[in-house]
Trainee: 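I have a structure here, written as structure tokens, and I will follow up with some questions on it.
Basis for what follows: all heavy atoms, side chains included, without hydrogens, waters or symmetry-related copies. Note on naming: letters A, B, ... go to the chains in the order of the sequence lines (proteins, then strands), and numbering restarts at 1 for each one.
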There are 2 protein chains.
Amino acid sequence: MPANNQNNLNNGISVDCVIFGFDFEKLQILLIEREPGKKDNPLDYALPGDLIYNDENLDQAANRVLKELTGLENIYLEQSAAFGSLDRTQRESDRAWLESVRDQPDLRVITISYYSLVNINAFDPKPSSFASKLVWKPVAEIEDLAFDHFDILNQALDNLRNRLKIRPIGFNLLPEKFTLSQLHKLYEAILGRELDKRNFRRKMAKLDLVVRLDEKQQGVPHKPSNFYKFNTENYQKLIEEGYDNFGF
Amino acid sequence: MPANNQNNLNNGISVDCVIFGFDFEKLQILLIEREPGKKDNPLDYALPGDLIYNDENLDQAANRVLKELTGLENIYLEQSAAFGSLDRTQRESDRAWLESVRDQPDLRVITISYYSLVNINAFDPKPSSFASKLVWKPVAEIEDLAFDHFDILNQALDNLRNRLKIRPIGFNLLPEKFTLSQLHKLYEAILGRELDKRNFRRKMAKLDLVVRLDEKQQGVPHKPSNFYKFNTENYQKLIEEGYDNFGF
DNA sequence: GCAAAAGTGTTAACTGTACACCCATGA
DNA sequence: TCATGGGTGTACAGTTAACACTTTTGC
């Protein structure tokens with residue numbers, strides 16, 4: 001980043017990143033804990049986000065901000081929505097924080113939100129810049145967030161679910177080798193409801209998006225699960241053919 | 001609008017409106033013709049859009065801009081996407097126009113796009129402000145537009161089609177009384193492909209979204225069509241219940 | 001042998017799709 | 001009486017949804 005970028009900050013436009021993470025248990029979300037120690041106030045948790053520069057486009061800004069605050073990079077971010085309420089940064093509990101990090105804390109800021117879904121175990125967020133502490137929190141337990149970030153989260157979750165209905169889940173979301181149970185749990189976590197095991201497996205088999213590997217789990221105290229990998233070619237083919245009903 | 005609003009313009013953020021119109025034939029789009037007379041250059045057609053004010057939110061801005069440029073109001077606008085490429089306003093053919101209407105024609109502007117679908121015959125756009133002439137153009141015939149407006153159009157069209165898959169078409173899109181053939185043509189126009197007449201009617205009947213009126217077309221040189229109206233209650237009920245598969 | 005998760009088939013209801021003819025009207 | 005678009009039913013294929021037991025492993 002050029003040294004004079006500070007002068008090039010666009011004080012009216014920010015990006016916010018909704019990073020969903022999956023640990024084979026619950027759907028989680030990556031948040032900045034603004035006042036470590038002073039726990040259990042939902043308003044002290046915020047999405048990683050910041051102002052954009054004038055010499056970068058929105059996608060670049062989202063990737064840069066995510067990297068600067070969390071260290072995460074090479075994550076596919078999908079644009080979600082724009083938020084521009086006049087009062088979105090006017091909450092009392094957010095004012096002090098804004099004054100500490102912004103040149104013009106009173107300026108109305110419009111934010112463009114992005115979302116992604118990653119495998120929690122494959123990424124290790126490292127707090128930096130004003131993100132003094134980062135935490136993964138289960139989405140289902142979040143009741144509110146700083147600014148209008150709770151709205152942004154819910155919007156992104158809607159988008160993620162709708163996307164799942166018209167596209168199969170991407171390849172970046174699971175380890176290279178995974179079991180069908182893991183994939184099953186992933187779908188259930190995103191959709192927030194149970195899916196019948198047999199029906200799920202049948203559907204996956206029919207779509208031909210996963211390939212059975214000649215390898216099993218080791219050392220588990222139950223019947224070991226077979227590993228699978230994604231069938232990248234078929235995924236591309238399905239997308240290109242306009243197949244858009246994965247029926248979940 | 002307050003007189004001092006001119007000082008309150010946000011030079012970095014605009015809204016653009018993709019107004020789809022349906023005339024029971026083709027899906028059309030409302031465009032500003034920038035140089036009337038100098039026809040057939042697609043780059044002389046632009047979406048109605050303008051900078052926002054700092055004392056209005058994005059939805060308000062979209063509605064205001066649409067009204068100022070076209071006279072259209074009380075149209076439900078749905079947010080589509082944000083566009084922020086660095087070069088989106090840098091095309092040579094757009095420079096002169098920008099210089100004539102903007103204080104800071106060189107500034108990078110991020111735009112938030114909105115879309116809607118209206119019944120062409122129920123709205124009568126009146127050009128005003130810098131929109132010297134407005135035209136409806138068939139979407140299928142558009143090959144390019146000013147700025148990045150062709151991208152914005154295609155994005156909005158995608159959104160409209162996807163929306164149709166998870167929600168029934170809204171009530172603002174057809175006259176109060178309409179025939180099933182009109183509704184049928186509307187769906188075909190949006191989706192850009194033919195739908196079987198019998199299957200379409202069966203599906204509509206099952207969804208229970210339209211109510212047969214005791215009234216027929218008059219003076220048509222063929223069997224007169226029955227009029228229908230929307231069943232607003234059932235529409236609301238379906239949306240609330242989370243029914244989201246209209247299967248087209 | 002027991003606890004724990006993997007893996008597997010069948011049936012019934014529903015949904016999508018393909019397809020062709022008669023009807024009511026104005027001219 | 002003809003041209004025009006309105007309106008209707010059926011059968012097949014495919015998809016969804018509900019449901020319970022056996023298998024393999026570590027301990």
Trainee: Between B/S80 and B/N159, is any side-chain donor less than 3.5 angstrom from a side-chain acceptor?
Mentor: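 A donor-acceptor contact under 3.5 Å links the two side chains.
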Trainee: Indicate whether OP1 or OP2 belonging to D/dG7 is found under 4.0 Å from a side-chain N or O atom of B/S225.
Mentor: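 Yes, such a contact exists.
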Trainee: Should B/T179 be listed as having a side-chain N or O under 4.0 Å from OP1 or OP2 of D/dG6?
Mentor: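 No, no such contact exists.
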Trainee: Once you round it to whole Å, what is the distance between P of D/dT8 and CG of B/L180?
Mentor: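 These atoms are roughly 9 Å apart.
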Trainee: Would A/R212 count as a cation-pi partner of A/F178, with NZ or CZ less than 6.0 Å from the six-membered ring centre and within 45° of the ring normal?
Mentor: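 Cation-pi check for A/R212 and A/F178: fails.
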Trainee: Whole angstrom is fine here: how far is it from CG in A/D196 over to P in C/dA6?
Mentor: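 So the two atoms are 14 Å apart, to the nearest Å.
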Trainee: Tell me which of B/R201 and A/P224 sits closer to the 5' end of DNA chain D, going by the nucleotide each one is nearest to.
Mentor: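 Going by which nucleotide is closer to the 5' end, it is B/R201.
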Trainee: Rounded to whole Å, how long is the line connecting atom CG of B/L195 with atom P of C/dA18?
Mentor: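 Roughly 11 Å, once rounded to whole Å.
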Trainee: Can the positive tip of B/R201 be found less than 6.0 Å from the middle of the six-membered ring of B/Y228, inside 45° of the ring normal?
Mentor: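 No, a cation-pi geometry is absent between B/R201 and B/Y228.
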Trainee: Give the dot-bracket line for DNA chain D from 5' end to 3' end: parentheses for intra-strand Watson-Crick or G-U pairs under 3.5 Å, square brackets for crossings, | for inter-strand pairing, dots for unpaired.
Mentor: |||||||||||||||||||||||||||
Trainee: Given atom NZ of A/K203 and atom P of D/dA17, what is their separation to the nearest angstrom?
Mentor: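 Atom-to-atom, A/K203 to D/dA17, this comes out as 8 Å.
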Trainee: Phosphate oxygens OP1/OP2 of D/dG7: is one of them under 4.0 Å from a side-chain N or O of B/K197?
Mentor: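 For B/K197, the contact criterion (side-chain N or O under 4.0 Å from OP1 or OP2 of D/dG7) is not met.
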Trainee: Between the base of C/dA6 and the side chain of A/N226, is one N or O donor paired with an acceptor at under 3.5 angstrom?
Mentor: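 Flag unset: no donor-acceptor pair detected.
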Trainee: Cation-pi check for A/F24 against A/K185: NZ or CZ below 6.0 Å from the six-membered ring centre and within 45 degrees of the axis, yes or no?
Mentor: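 Output no; distance or angle outside limits.
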Trainee: Pick the closest DNA chain C nucleotide for A/F227 and for A/R202 by heavy atoms, then say which residue is nearer the 5' end.
Mentor: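 That would be A/F227.
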Trainee: Does the side chain of A/S181 get closer than 4.0 angstrom to OP1 or OP2 of C/dA5 through an N or O atom?
Mentor: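 Negative; the distance criterion is not met.
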Trainee: Distance check: side-chain N/O of A/R198 vs OP1/OP2 of D/dC19, anything under 4.0 Å?
Mentor: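 Indeed not, no polar side-chain atom of A/R198 lies that close.
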Trainee: Using 4.0 Å as the upper bound for N to carboxylate O, is an ion pair formed by A/E141 and A/K137?
Mentor: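 No, no charged N to carboxylate O under 4.0 Å.
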Trainee: Specify the separation, in whole Å, of atom CG of B/L183 and atom P of D/dG7.
Mentor: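 Roughly 12 Å, once rounded to whole Å.
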Trainee: Between B/Y235 and B/F230, is the ring-ring contact (aromatic ring centres under 6.0 Å, His included) condition met? List the steps.
Mentor: CA-CA 8 Å; B/Y235 177 88; B/F230 271 106; 7.3 Å; no
Trainee: How would you list, by chain and number, every residue that makes a salt bridge (charged side-chain N to carboxylate O under 4.0 Å, His left out) with B/D214, sequence neighbours excluded?
Mentor: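 For B/D214, no residue satisfies salt bridge (charged side-chain N to carboxylate O under 4.0 Å, His left out) once neighbours in sequence are set aside.
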Trainee: Rounded to whole angstrom units, what separation is found between the CD atom of A/E194 and the P atom of D/dA17?
Mentor: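 It is 14 Å, rounded to the nearest whole Å.
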Trainee: Find the distance B/Q182:CD to D/dG6:C1' and express it as a whole number of Å.
Mentor: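 In whole Å, D/dG6 C1' and B/Q182 CD are 13 Å from each other.
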Trainee: Nearest whole Å is fine: how far is D/dC19 C1' from A/N199 CG?
Mentor: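 It is 9 Å, rounded to the nearest whole Å.
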